[in-house]
Amino acid sequence: MNTPVIEGFDYRTIPGADGICLNVAVGGNGPAVVLLHGFPQNHYMWRYVARQLAGSHTVIAPDLRGYGSSDKPPGARPETYSKRTMAGDIVHVATALGFDHFGLVGHDRGALVAVRAGLDHPHVVDYLGILDVLPTLDTWAVLQGVDAKVAWHLYLMAQPAGLPEKMIAAVAPEFFGSFLDAWDPGGSAFTAQERDYYVDSSIAAVDSIVADYRATATVDLDMDQADRARGAQLTMPVAVISQDWGSQLGFDAASLWKAWAPDLTYQATTSGHFMAEENPAEITAFVTALAGRATDGHNRS
């Protein structure tokens, strides 16, 4: 499998929370911002945004555990792919690179890791950017009735270990390719070669990807429920950019996020799910504005 890289970035292998190693791209200079990828992709999805941000930031773009070229430990223990463990990976990576605080931006699965990092490590997360996802607890709450079919893969990968992995492995190219095609109906987010790369990368990670998703229906959900019960909130500036899924599924995304993040800005986008590749200028501006908000708030305090 050909492994493309972000032009101008250095690559390092850095231990995470429990000794597993993450593949990390690092570039630029200035305050740190960590970019976390979604499904079914890896850090390469940030290639345009990362290069644009590198003029004013040190940009850190890892492959999450279980994805890309990072280690893929067995998921027999629910904690292995909990978002708490994966958030710990990110804190360890930033610390190893010399940063005791950083901005954090996540897309899709990476956004769930970012939210958990913001809840568990508020002292190190300067600001939190979220692309096209809801918190775990709210995701399950809004998927009701026939509308839940848009997230059928969540239910498949929530099943007990064994069967989902076998089913997906049997048709892995079609399975992963279906999301890349359905979520990029205009075909403008990536080239055919890049699509093939994402498919191949995911085929090599079936078991760990399923374990990541299974955690979202088990241990991650338990954590969100516990945080909601105790009134936990994200205390840093938070910005969300999303497609208008709420109008289709009958929820108000801004209100759902506001319950978790009092210092929130929310904006809708006309881009598709893979917005960092379809419209990188929009996402770069989104991150830059959020970083500026955080800096202004720090200066006023």
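Using a 4.5 Å heavy-atom threshold, the side chains of Leu22 and Asp71 count as separate. In this structure the side chain of Val105 never reaches within 4.5 angstrom of the side chain of Val34, judged on heavy atoms. Between Val206 and Phe176, some side-chain heavy-atom pair lies under the 4.5 Å cut-off. Looking at heavy atoms from C-beta onward, Val142 lies in side-chain contact with Leu134 at the 4.5 angstrom threshold. A heavy-atom distance below 4.5 Å is found between the side chains of Arg51 and Phe9. Proximity of Gln159 to Arg214: side-chain heavy atoms (C-beta onward) are nowhere separated by under 4.5 Å. Contact annotation: the side chain of Glu174 approaches that of Val171 to within less than 4.5 Å [non-hydrogen atoms, C-beta and beyond]. Side-chain contact check for Thr216 versus Leu221: every heavy-atom pair is 4.5 Å or farther apart.
In this structure a side-chain-to-backbone donor-acceptor pair under 3.5 Å is missing from Asp10 to Val26. In this structure, Asp132 contributes its side chain and Ser242 its backbone to no donor-acceptor pair below 3.5 Å. With hydrogens and angles disregarded, no donor-acceptor distance shorter than 3.5 Å links the side chain of Ser201 to the backbone of Tyr197. Looking at Tyr81, its side chain does come within 3.5 Å of a backbone N or O of Pro73 through a donor-acceptor pair. In terms of modelled atom types and a separation under 3.5 Å, the side chain of Arg116 and the main chain of Val113 share no donor-acceptor contact. Here the side chain of Thr58 pairs no donor or acceptor atom with the backbone of Ala32 at under 3.5 angstrom. Proximity of a side-chain donor or acceptor of Lys72 to a complementary backbone N or O of Gly68 within less than 3.5 Å is detected. Under the 3.5 Å distance criterion, the side-chain polar atoms of Asn42 are left unmatched by any main-chain donor or acceptor of His37. A side-chain donor-acceptor contact under 3.5 Å links Glu278 to the backbone of Gly272. Judged by distance alone, with hydrogens and angles left aside, the side-chain atoms of Gln267 form no donor-acceptor pair with the main-chain N or O of Val240 at under 3.5 Å.
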What do the steps show when you test Trp140 against Tyr155 for ring-ring contact (aromatic ring centres under 6.0 Å, His included), and what is the final call?
CA-CA 10 Å; Trp140 291 111; Tyr155 291 91; 5.2 Å; yes
Before you tell me yes or no, could you show the steps for Leu234 and Val125 under side-chain contact (heavy atoms from CB on, under 4.5 Å), namely the whole-Å CA-CA distance, both residues' side-chain angles and the distance that decides it to 0.1 Å?
CA-CA 10 Å; Leu234 296 161; Val125 179; over 6 Å; no
Starting from the C-alpha separation in whole Å, work towards a yes-or-no answer on side-chain contact (heavy atoms from CB on, under 4.5 Å) for Asp227 and Gln233.
CA-CA 8 Å; Asp227 282 336; Gln233 293 184 315; over 6 Å; no
Given Ile130 and Val115, is the side-chain contact (heavy atoms from CB on, under 4.5 Å) satisfied, shown in steps?
CA-CA 8 Å; Ile130 304 298; Val115 169; 3.7 Å; yes
Please lay out, stage by stage, how Ile241 and Glu282 fare under the test side-chain contact (heavy atoms from CB on, under 4.5 Å).
CA-CA 10 Å; Ile241 184 168; Glu282 179 183 44; 3.9 Å; yes
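Between the side chains of Thr269 and Gln243, not a single donor N or O lies within less than 3.5 Å of an accepting N or O. No hydrogens or angles considered: a donor-acceptor pair under 3.5 Å links the side chains of Ser82 and Thr85. Side-chain contact, Tyr67 with Asp212: a donor N or O sits under 3.5 Å from an acceptor N or O.
The line from CG of Leu35 to CZ of Phe102 is 11.5 Å long, rounded to the nearest 0.5 Å. With values rounded to the nearest 0.5 angstrom, His92 atom NE2 is found 8.0 Å from Asp89 atom CG. With rounding to the nearest 0.5 angstrom, the CD1 atom of Ile209 is 8.5 Å from the CD1 atom of Ile168. Distance check: Phe175 CZ to His153 NE2 gives 7.0 Å after rounding to the nearest 0.5 Å. Atom CG of Leu36 is separated from atom CE of Met45 by 9.5 Å, given to the nearest 0.5 angstrom. Note that the CG atom of Leu290 and the CG atom of Leu104 stand 10.0 Å from one another [nearest 0.5 Å].
When all heavy atoms of Ala25 and Ile6 are compared, the pair lying nearest together is CB-CD1, 4.4 Å. Of all non-hydrogen atoms in Ala254 and Leu264, the two that sit nearest each other are O-CD2, 3.6 Å. Heavy-atom minimum distance, Val133 versus Ala111: CG1-CB, 3.4 Å. When all heavy atoms are compared, the tightest approach of Ala294 to Asp126 is CB-O, 3.9 Å. Smallest separation of non-hydrogen atoms from Pro62 and Ile90: CG-CD1, 3.9 Å. Closest non-hydrogen pair, Leu137 versus Asp224, comes out as N-OD2, 3.0 Å.
Between Arg65 and Asp18 there is a salt bridge, with a side-chain nitrogen of the basic residue lying less than 4.0 Å from a carboxylate oxygen of the acidic one. Salt bridge status for Asp120 with Lys83: absent, with no side-chain N to carboxylate O gap under 4.0 Å.
Annotation: cation-pi pair Arg109/Tyr213 present, NZ/CZ under 6.0 Å from the ring centroid and within 45° of its normal. At least one cation-pi condition fails for Arg195 and Tyr198: the charged atom is not both under 6.0 angstrom from the six-membered ring centre and inside a 45 degree cone around its axis. A cation-pi arrangement is present between Arg228 and Trp260 under the rule of less than 6.0 angstrom and at most 45 degrees off the ring axis.
Scored by the side-chain contact (heavy atoms from CB on, under 4.5 Å) test, Asn23 finds Tyr11, His43, Asp63, Ser69, Ser70 as partners (sequence neighbours excluded).
The other members of the hydrophobic cluster of Met223, by chain and number, are Val219 (side-chain heavy atoms under 4.5 Å, ILVMFWY only). Val146 belongs to no hydrophobic cluster with other residues, because no ILVMFWY side-chain heavy atom falls under 4.5 Å from its own, directly or through intermediates.
Ile283 and Tyr48 fall into different hydrophobic clusters, where Ile, Leu, Val, Met, Phe, Trp and Tyr are joined by side-chain heavy atoms under 4.5 Å apart, directly or via other members.
A centroid separation of 6.0 Å or more is found between the aromatic rings of Trp183 and His107. Ring centroid separation for the pair Phe274 and Trp46 does not come in under the 6.0 Å cut-off.
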